Amino acid sequence: MAKIQMTTPLVEMDGDEMTRVIWKMIKDILITPYVDLKTEYYDLGLEYRNETNDQVTIDSAEATKKYGVAVKCATITPNAARMTEYDLKEMWKSPNGTIRAILDGTVFRTPILVNGIVPYIPSWTKPITIARHAYGDIYKNVEMQVPAGGKAELVYTDKDGNETRETIHEFKNSGIIQGVHNRDESIGSFARACFNYALDLKQDIWFATKDTISKKYDHRFKDIFNDIYETEYKEKFEAAGIEYFYTLIDDAVARVIRSNGGYIWACKNYDGDVMSDMVATAYGSLAMMTSVLVSPDGVYEYEAAHGTVQRHYYKYLKGEETSTNSVATIFAWSGALRKRGELDKLPELVKYADALEKATIKTIEDGVMTGDLYSMSKLENKTKVNSEDFLKAIDERLKVML
């Protein structure tokens, strides 16, 4: 068959470690044989981020704003150990955090359900979508280690030079301080993205923070959500037969555990980071989770919700066989290609993306899977395969579907 033609490039953000290896495998086995792939490529591997002083991350985000659709591989956010391992100039911030701050969007993460994989919480028969605010909080923080015998203050200077001060703590002993922020505009964009997504899916949406403790910061989120809902969305929700409600995050956790799924759970940035991993793991695997960042002006960035699979990468470097789950990365590519096809009115590209996802799920349901799923699958006839053979098994089914 002739390759499917693209008219506008995707922004392609390459990544690190085992996911970087699998990234190339997916392109070679499942994409370029079928699609005349056009991308604007950015190497977000840690070595090149270090070489460019992280400018490549900023450039990739700006390119995403230009082209409208991006696909991103998992990347390393360095800690102290990575500083030594990669001989870094500094401990660069999370590339996801940088990109999300520039695009100012909301991340929607939804588990991929397959027959044979029973969630650790059996009552979860429908997927729970985590809507994660993608700007600010600890991902844009400023932090300091401080010696003993000083006072830390929160200071705001207005446009006329007038200062407002609040004492954070008087340090008799050494300690640490951290400053976080958010913007009303970004919180409003987050709220509207959540409400629009709920209307699209015809699903209830919950929003949860801890405003009883954070009486100004978290309470601001609560108030902005409520004001936008009441003035812009209440009638639409009532007409659609869906519900919005706010609750404390500890209450939300209790409700989620007892639920059947089938709703959207909106969280602040860090809360969404943690809860999406919890939800993904409870459904089966971090590698069975779609993730898309949607900006207020209609820009889309698709990614895998998990990390770089460091342990498998070290095995790979030794020449040992790995059985790494590539489903989330495949769905990042399929999601981006589908959206590119929708925006550019290329039905064949949309059809291909749909078929790629169906072939991936069918492979697992046929009993061919990677090690993480093999250990959980309830199927009687199942086979554990290595990273590359799993992709080849998907390709066999994809050929038939196309």
Side-chain angles (χ1 to χ4, degrees), residues 3-4 6 9-48 70-76 112 114 285-291 302-338 340 349 352-364 366-374 383-402:
K3 288 189 179 184
I4 299 164
M6 294 176 61
L10 292 172
V11 175
E12 178 185 351
M13 305 175 188
D14 211 343
D16 286 299
E17 297 188 319
M18 197 63 209
T19 47
R20 186 183 182 96
V21 174
I22 287 174
W23 190 261
K24 185 177 186 304
M25 287 185 189
I26 290 170
K27 289 170 64 179
D28 291 347
I29 297 171
L30 296 176
I31 299 176
T32 54
Y34 305 99
V35 179
D36 184 21
L37 186 63
K38 290 181 172 62
T39 71
E40 184 163 306
Y41 178 86
Y42 292 86
D43 184 357
L44 266 57
L46 186 51
E47 294 98 332
Y48 194 63
V71 58
K72 180 183 175 295
C73 185
T75 46
I76 294 169
I112 302 162
V114 297
S285 171
L286 286 169
M288 299 292 287
M289 192 88 164
T290 65
S291 182
Y302 295 81
E303 61 177 347
H306 57 72
T308 57
V309 203
Q310 180 184 10
R311 181 172 56 87
H312 285 200
Y313 182 59
Y314 292 159
K315 288 180 64 177
Y316 170 81
L317 291 178
K318 294 176 185 176
E320 298 176 13
E321 185 173 271
T322 67
S323 184
T324 312
N325 191 336
S326 51
V327 172
T329 306
I330 293 169
F331 272 62
W333 273 105
S334 62
L337 289 166
R338 181 188 297 106
R340 186 79 277 163
L349 190 57
Y352 159 80
D354 291 343
L356 177 56
E357 292 181 1
K358 290 174 183 175
T360 302
I361 290 172
K362 186 174 190 331
T363 301
I364 298 167
D366 284 349
V368 181
M369 62 196 76
T370 49
D372 63 326
L373 298 183
Y374 182 87
T383 304
K384 175 185 170 182
V385 294
N386 65 35
S387 306
E388 186 172 358
D389 285 347
F390 179 62
L391 297 176
K392 290 178 178 178
I394 295 171
D395 187 48
E396 291 174 6
R397 290 155 179 81
L398 181 60
K399 281 186 172 74
V400 174
M401 290 182 181
L402 293 174

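Model, not experiment: these values are computed from the prediction.
Separation of atoms CE (Met401) and CD (Glu357) is listed at 11.0 Å; rounding is to 0.5 Å. Taking CG from Asp395 and CD1 from Ile29, the interatomic distance works out to 7.5 Å, rounded to the nearest 0.5 Å. Atom OG1 in Thr360 sits 8.0 Å away from atom CG in Leu398 (nearest 0.5 Å). Once rounded to the nearest 0.5 Å, the distance linking CZ of Arg338 with CG of Asp354 reads 4.5 Å. Taking CG from Leu37 and CD1 from Ile4, the interatomic distance works out to 11.0 Å, rounded to the nearest 0.5 Å. Note: Ser291 OG to Phe331 CZ = 13.5 Å, rounded to the nearest 0.5 Å.
Closest non-hydrogen pair, Leu337 versus Ile31, comes out as CD1-CG2, 4.3 Å. Heavy-atom minimum distance, Met13 versus Ala70: CE-CB, 3.8 Å. The two residues Glu17 and Tyr314 make their nearest non-hydrogen contact at OE2-OH, 4.1 Å. Nearest approach of Asn386 to Asp389, heavy atoms of both residues: OD1-N, 2.7 Å. Here the closest non-hydrogen pair linking Thr363 and Ala359 is OG1-O, 2.7 Å. A pairwise comparison of heavy atoms in Ala328 and Ala304 identifies CB-CB, 3.9 Å as the closest pair.
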Exercise for the section: Walk me through it: do Val368 and Arg397 pass the test side-chain contact (heavy atoms from CB on, under 4.5 Å)? Expected result: CA-CA 12 Å; Val368 181; Arg397 290 155 179 81; 4.0 Å; yes

Exercise for the section: Kindly indicate, with the supporting measurements, whether the criterion side-chain contact (heavy atoms from CB on, under 4.5 Å) is fulfilled by Phe390 and Ile364. Expected result: CA-CA 9 Å; Phe390 179 62; Ile364 298 167; 4.0 Å; yes

Problem - Verdict with supporting geometry, Arg20 and Asp14, side-chain contact (heavy atoms from CB on, under 4.5 Å) - result: CA-CA 7 Å; Arg20 186 183 182 96; Asp14 211 343; 3.6 Å; yes

Practice task
For side-chain contact (heavy atoms from CB on, under 4.5 Å), just list the numbers for Asn325 and His306, CA-CA rounded to whole Å, side-chain angles, deciding distance to a tenth of an Å, and then say yes or no.
Solution key: CA-CA 10 Å; Asn325 191 336; His306 57 72; over 6 Å; no

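Formation of a donor-acceptor pair under 3.5 Å by the Asp36 side chain with backbone atoms of Lys3 is not found in this model. The main-chain N or O of Thr322 is found under 3.5 Å from a side-chain atom of Ser387 such that the two form a donor-acceptor pair. A distance-only check finds a donor-acceptor pair linking the side chain of Lys38 to the backbone of Met6 [under 3.5 Å]. The main-chain N or O of Ile76 is found under 3.5 Å from a side-chain atom of Asp16 such that the two form a donor-acceptor pair. The backbone N or O of Gly45 lies less than 3.5 Å from a partner atom in the side chain of Asp43, making a donor-acceptor pair. A donor-acceptor contact shorter than 3.5 Å is absent between the side chain of Thr370 and the backbone of Ser323.
The side chain to side chain contact (heavy atoms under 4.5 Å, CB included) with Ser326 is formed by just one residue from the set Ile22, Val21, Thr19; it is Ile22. Residue Glu12 is tested with Lys24, Lys27, Arg340, Lys72 for a salt bridge (Lys or Arg N to Asp or Glu O under 4.0 Å); the sole match is Lys27.
Looking at heavy atoms from C-beta onward, Glu396 lies out of side-chain contact with Val400 at the 4.5 angstrom threshold. Contact check for Thr308 versus Tyr313: no side-chain heavy atoms found under the 4.5 Å cut-off.
Counted within 6.0 Å of NZ on Lys315, heavy atoms from surrounding residues, nucleotides or ligands total more than 12; the atom is thus considered enclosed.
The stretch residues 10-36 participates, sequence neighbours left out, in these ring-ring contact (aromatic ring centres under 6.0 Å, His included) pairs: Trp23-Trp333.
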